[in-house]
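FYI, side chains are in, hydrogens and waters are out, and symmetry mates aren't considered; it's all heavy atoms of this structure. Here, residue 1 is the first one in the sequence, and each next residue gets the next number.
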Amino acid sequence: MLIDIVKKAAPQLSLLLGCTAIAVTSLAQTSSLVRVGSDGRLVYTANSRGDVVPDFSGVGYRNGEASIPTVAVQRTVSPVSGDDRSNIQNAINYVASMPLQSNGFRGAVLIRAGTYEVGSTINITASGIVIRGEGFGSGGTNIIATGTSQYDLFRFNGSSGVSVTESTRRSITNSYVPIGSKQVTVDSGHSFAVGNWVLLRHAPNQAWIDRIGMGPYWDPADYDYNIERQVVAVSGNTITLDAPVMDPIDDDYATASLVKISGSGRIENCGIENLRMTSRYNAGETAVNNGKTYYSDEDHGWNAVIFGNVKNAWARNLEAHRFGYSCVNIDSDQAIFITVESCKMLAPVSLPQGGRRYSFANNGQRNLVQNCYAEEGRHDYVSGSHTAGPNVYYNCVAEDVVYNCDSGPHHRWTAGGLYDRIVTDMDINVQNRKASGTGHGWAGGQIMLWNCTSRRTILQNPPGHISWAIGHTGTITNVGQYATEPLGVVQSQGTRITAIPSLYLAQLNDRLGGTPPTDGVTFYANTQYGGAASEPLPKGNYTMAQLAAQGVPNDWASSVRIPAGWTVIIYSGDNFSGTSWTRTSDTSSFGSLSPSANDVMSSCRIQ
């Protein structure tokens, strides 16, 4: 059952395909599920069970409540002859020996411009350390991974995850906690107080496994989730959490409890920024997939950056060339509140098959990947097994994707994810993968695709759960690669939700009590705001490819409208290079600037 890319019919369109009638909502520039109210706040519509679209915004560094800081340099590194691993590691160890400051940081290690050969993993195992380069290209910081086996180039990892005080555990007594709810009721005699960090343990039973058809593949004991939240209000036995539940808690299908976190071996307040990483490889090894030849050496750098037991961290302004698996891999369920921003996975080298080319992989919770770019990947913006949400992918592009591969939740259940303004030339899928990969089964539930663009999307609803595609451009089907399942919720297909260009930004502003986001920056083909117009672009960094994906061809723009308080920096070259012009208000003619900027924009930053 396929739904065409563009709907031109009335709001309720009944499709009769085969023997099945499907009601599809096609709304013009709005959604009945979430809208902007008269007071500027978001208004959600609940279904008969009380389920609503959850607030996905509690993600990223410091829960989105603080900007990523610029940390003072405490140690500087310059290249030496031969392998630079010890050179860089010694500088990190020096900063690690310094005391933590009141702001939670020790300091930054500045890796000066130059080329550094590194044959084994650089480890960051202490809190408060930032790795900083001096940019890309011949004049920047270039780290060359020279090892001839699979390894991580930079690894951030604490000694362990969280520990709990078991005596504080109390059962959740609600018969049903709806999707999107922030409140639960617990047994009496609890000691929870505002400010406590807690784990909400959600333990499904065999009835849930059977309900979603996973009996042949899954054991319920493998699907307990520990969901990290903070207590923000207590009223008797009713506990309000800082972020909603993503999976419904239904006492027919699961038990649930709340317990205090007592400690953690995670490292915090750390990051890596402003450098290029390139893996050497054997160009003599190649493989062919669907008629395209790929470099396929597998004995070289695998993950450029990997996060393990880490909280409140970031990776930003990075380029990863020729790595086999990822640019940034958030590889632990103990990795939380991490922001990956303005990073690129370029020309990966590995076999174009399973377990490889996961450009931006996330197995943690409450993490944010935004303004990123990937090419020649298999699963570019992807969550793994047993992944507790929310997690957000926002304003990212994937090009030249390996044929028939996809972004989206991949296998063995992701609970709650937002794909917001993702553009790919292949697929974004939410589906039942059944026996694929020794029992991948359902990839997840409560997955929202908001204003995304794809070649095709398989959108399937697990029984008792919901997935959505709102404002989506591309073919949508419930006929999967492994099974045909009920269709998810589809609204405004082929028409972007212009009232809420980004659900993530709208929810973030709503949660923090800020001004609702404006539509964004609009570029025009002609002067005086004439000719073809781009769709509104939210804040972010846009390379040539990312601009093209948003409807702004190279060397095309001649005027721009800019919301009050925003700044636009346009560049004549790709990747924020060449001549630049900074604009803080509407500009009716780029030709009037000095020098002329008419029809020369190849990249831009919107701040």
Side-chain angles (χ1 to χ4, degrees), residues 56 59-61 64 68 133 135-136 153-154 271-277 303-307 313-323 325-331 335 337-348 357-364 367-384 391-402 405-410 417-426 428 449-454 502 504-505 537-550 574-576 603-607:
F56 295 98
V59 297
Y61 178 74
I68 295 174
F136 313 131
L153 185 54
F154 287 93
I272 181 169
E273 56 194 24
N274 303 335
L275 53 84
R276 171 184 287 177
M277 299 159 285
N303 295 289
V305 177
I306 192 165
F307 289 102
W314 68 86
R316 61 175 173 174
N317 301 326
L318 304 177
E319 288 187 1
H321 297 250
R322 304 295 189 179
F323 284 81
Y325 192 84
S326 75
C327 174
V328 180
N329 185 359
I330 302 172
D331 194 39
F337 295 128
I338 295 172
T339 293
V340 180
E341 179 176 283
S342 300
C343 295
K344 297 179 182 179
M345 177 67 163
L346 301 172
R357 299 175 182 247
Y358 287 56
S359 304
F360 296 94
N362 176 29
N363 292 306
N367 299 315
L368 169 66
V369 177
Q370 62 179 356
N371 304 324
C372 291
Y373 175 83
E375 64 183 19
E376 296 188 353
R378 294 183 61 254
H379 303 296
D380 291 305
Y381 306 106
V382 59
S383 56
N391 289 291
V392 174
Y393 288 98
Y394 163 65
N395 200 44
C396 297
V397 174
E399 292 188 313
D400 296 326
V401 179
V402 175
C405 291
D406 58 17
S407 289
H410 186 50
L418 171 61
Y419 288 76
D420 188 341
R421 299 177 67 100
I422 304 302
V423 176
T424 175
D425 58 15
M426 199 54 65
I428 307 174
L449 313 183
W450 187 274
N451 282 350
C452 293
T453 300
S454 67
S502 163
Y504 164 65
L505 292 181
L537 273 63
K539 292 180 180 180
N541 300 322
Y542 296 85
T543 64
M544 183 189 301
Q546 288 170 308
L547 283 173
Q550 302 291 347
D574 193 12
N575 297 316
F576 322 111
S603 58
C604 74
R605 300 185 191 275
I606 301 176
Q607 303 167 341

Any side-chain heavy atom of [X] sitting closer than 4.5 Å to one from [Y]?
X: N395; Y: R421; result: yes
X: V305; Y: L153; result: no
X: P348; Y: E376; result: yes
X: Y393; Y: S407; result: no
X: I606; Y: Y542; result: yes
X: V340; Y: I330; result: yes
X: D380; Y: M345; result: no
X: L318; Y: L275; result: yes

Distance in Å, [X] [atom1] paired with [Y] [atom2], rounded so as to fall on 0.5 Å steps:
X: R316; Y: C372; atom1: CZ; atom2: SG; value: 13.0 Å
X: L449; Y: I422; atom1: CG; atom2: CD1; value: 9.5 Å
X: Q370; Y: K539; atom1: CD; atom2: NZ; value: 11.5 Å
X: Y325; Y: D331; atom1: OH; atom2: CG; value: 7.0 Å

Examine distances only and state if a side-chain atom of [X] and a backbone atom of [Y] form a donor-acceptor pair shorter than 3.5 Å.
X: E375; Y: A347; result: yes
X: N541; Y: S342; result: no
X: N367; Y: F337; result: yes

Heavy-atom pair with the smallest gap, counting every atom of [X] and [Y]:
X: M544; Y: S603; result: N-CB, 4.3 Å
X: C604; Y: L547; result: SG-CD2, 3.8 Å
X: T339; Y: G60; result: OG1-CA, 3.3 Å
X: N371; Y: C396; result: N-SG, 3.7 Å
X: A315; Y: C343; result: O-SG, 3.6 Å
X: A304; Y: C327; result: CB-O, 3.3 Å

Evaluate the criterion side-chain contact (heavy atoms from CB on, under 4.5 Å) for residue pair D406 and H379; output intermediate values, then yes/no. CA-CA 5 Å; D406 58 17; H379 303 296; 2.9 Å; yes
Please test W450 against L418 for side-chain contact (heavy atoms from CB on, under 4.5 Å), starting from the C-alpha separation and ending with a verdict. CA-CA 7 Å; W450 187 274; L418 171 61; 4.1 Å; yes
Could you check F307, Y381, Y394 and say which one makes a ring-ring contact (aromatic ring centres under 6.0 Å, His included) with F360?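 Of the listed options, the one satisfying the test is Y381.
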Please determine whether side-chain contact (heavy atoms from CB on, under 4.5 Å) holds for the pair F576 and T543, giving the CA-CA distance in whole Å, both sets of side-chain angles, and the decisive distance to 0.1 Å. CA-CA 7 Å; F576 322 111; T543 64; 4.2 Å; yes
Stepwise side-chain contact (heavy atoms from CB on, under 4.5 Å) check, Y419 with S383: CA-CA 11 Å; Y419 288 76; S383 56; 4.2 Å; yes
Give me the one residue out of E319, E399, Q546 that meets side-chain hydrogen bond (donor to acceptor under 3.5 Å, both in side chains) with Y373.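 With Y373 as partner, side-chain hydrogen bond (donor to acceptor under 3.5 Å, both in side chains) holds for just one option, E399.
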Which class fits the ring pair Y61 and W314: parallel under 30°, tilted 30 to 60°, perpendicular over 60°?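 Perpendicular.
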